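Source: prediction; values computed, not measured. Order of appearance sets the numbers: ligands from 1, and atoms from 1 within every ligand. Numbering starts at 1 and runs along the sequence shown.
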Amino acid sequence: MSEVEAPPSAPIVVNDPVQVADGVHVVPDGRVPLVPNVGIVVGSRAALVVDTGMGPRNGATVRGHAEQLAGGRPLLLTLTHFHPEHGYGAQAFEPGAFIVYNRAQRDELRAKGTPYLEMFRTFGDGVAGELEGVELVEPHAVYDGAADLELGGTGAELRTFGLAHTRGDQVVFLREQRVLFTGDLVESRCFAIFPWFPPDDVDVDGDRWIAVLEQLEALEPEVVVPGHGELGGVEVITTAREYLEGLRDDTRRLAAEGASEDETAAELDRSLRARHPDWAQPEWIAFGARCFYAAYARERR
Ligand SMILES: [Zn+2]
């Protein structure tokens with residue numbers, strides 16, 4: 001008897017929000033590909049939404065949840081980074097919500113928003129359908145480095161670190177509740193996503209990414225909301241960092257032994273799939289290996 005694989009679920013936000021701390025809600029991704037974990041933080045004066053899901057329909061679903069939880073309080077929207085499944089539902093928040101991005105993220109959206117839309121449309125009818133009618137949305141405000149939002153009884157710290165998973169990754173830290181939204185800097189039971197597409201797009205840096213994760217661990221969050229996958233404690237970040245460090249070290253070892261880039265990618269694809277059989281999206285292993293290989297080759301020149 002042959003095994004029958006279930007078809008991949010459509011990239012639709014279907015879950016209801018779950019409260020994870022006082023005033024902090026997460027719409028869990030349900031481990032559906034191209035659905036992110038979405039945050040809704042409700043203070044006494046305003047509510048903040050973190051990521052929208054992909055496309056206007058998912059954006060409207062998230063806005064509906066946010067309005068219900070906000071109970072008439074004004075909405076703010078911010079995104080962890082420009083990638084389509086995280087931010088291409090922002091149009092559903094206009095008019096009405098105040099939208100904040102960091103500057104690098106805004107610039108990256110301007111530079112790559114349309115090419116990424118075209119790329120994602122090739123990912124199948126389900127994805128293309130959700131992207132129907134997408135408009136790229138400019139923020140009402142941009143910031144550099146750090147911005148603190150006061151929601152009334154709760155603050156939200158927006159922080160950026162420069163190039164890592166993208167040019168403009170942003171985390172949202174709720175210091176009182178010790179909740180950290182990481183975007184795709186951290187995934188749970190899912191291989192790190194390396195959008196390493198040379199020569200067109202090489203805006204990912206594994207070494208800087210590791211250093212960022214060390215900084216996030218130092219925040220000592222009690223609840224980590226990864227870009228994709230289950231919530232957990234700080235160990236979710238540690239696992240992600242140790243994976244990146246292993247990928248880096250193994251890549252450098254193989255390269256130093258004389259393996260080609262293709263040989264290195266193939267070997268690590270094999271060994272890391274075997275090491276993490278229950279992790280999703282193993283196709284990203286090779287992209288990560290190639291990214292670290294290129295960094296090693298640059299150093300040797
Ligand atoms: Zn991403």
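A side chain to side chain donor-acceptor pair (under 3.5 Å) with Arg189 holds for exactly one of Glu230, Gln281, His276; it is Glu230.
Other residues, nucleotides and ligands place no more than 12 heavy atoms under 6.0 Å from the CG atom of Asp22. Heavy-atom neighbours of Asp125 CG from other residues, nucleotides or ligands within 6.0 Å: at or below the threshold of 12. By the neighbour-count criterion of 12 heavy atoms within 6.0 Å, atom CD of Gln68 is sparsely surrounded, having that number or fewer from other residues, nucleotides or ligands.
A distance of 12.0 Å separates OH in Tyr101 from CZ in Phe82, rounded to the nearest 0.5 Å.
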For a quick test of your reading: what N or O donor-acceptor pairs under 3.5 Å do the side chains of residues 34-45 make, sequence neighbours left out?
{"unit_1": "Asn37", "atom_1": "OD1", "unit_2": "Asp29", "atom_2": "N", "d": "2.9"}
{"unit_1": "Asn37", "atom_1": "ND2", "unit_2": "Pro226", "atom_2": "O", "d": "2.9"}
{"unit_1": "Asn37", "atom_1": "ND2", "unit_2": "Gly229", "atom_2": "O", "d": "2.8"}
{"unit_1": "Ser44", "atom_1": "OG", "unit_2": "Gly152", "atom_2": "O", "d": "3.3"}

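Listed by chain and residue number, the protein N/O/S atoms under 2.8 Å of the Zn ion (ligand 1) are His81 NE2, His83 ND1, His165 NE2, Asp184 OD2, with waters left out.
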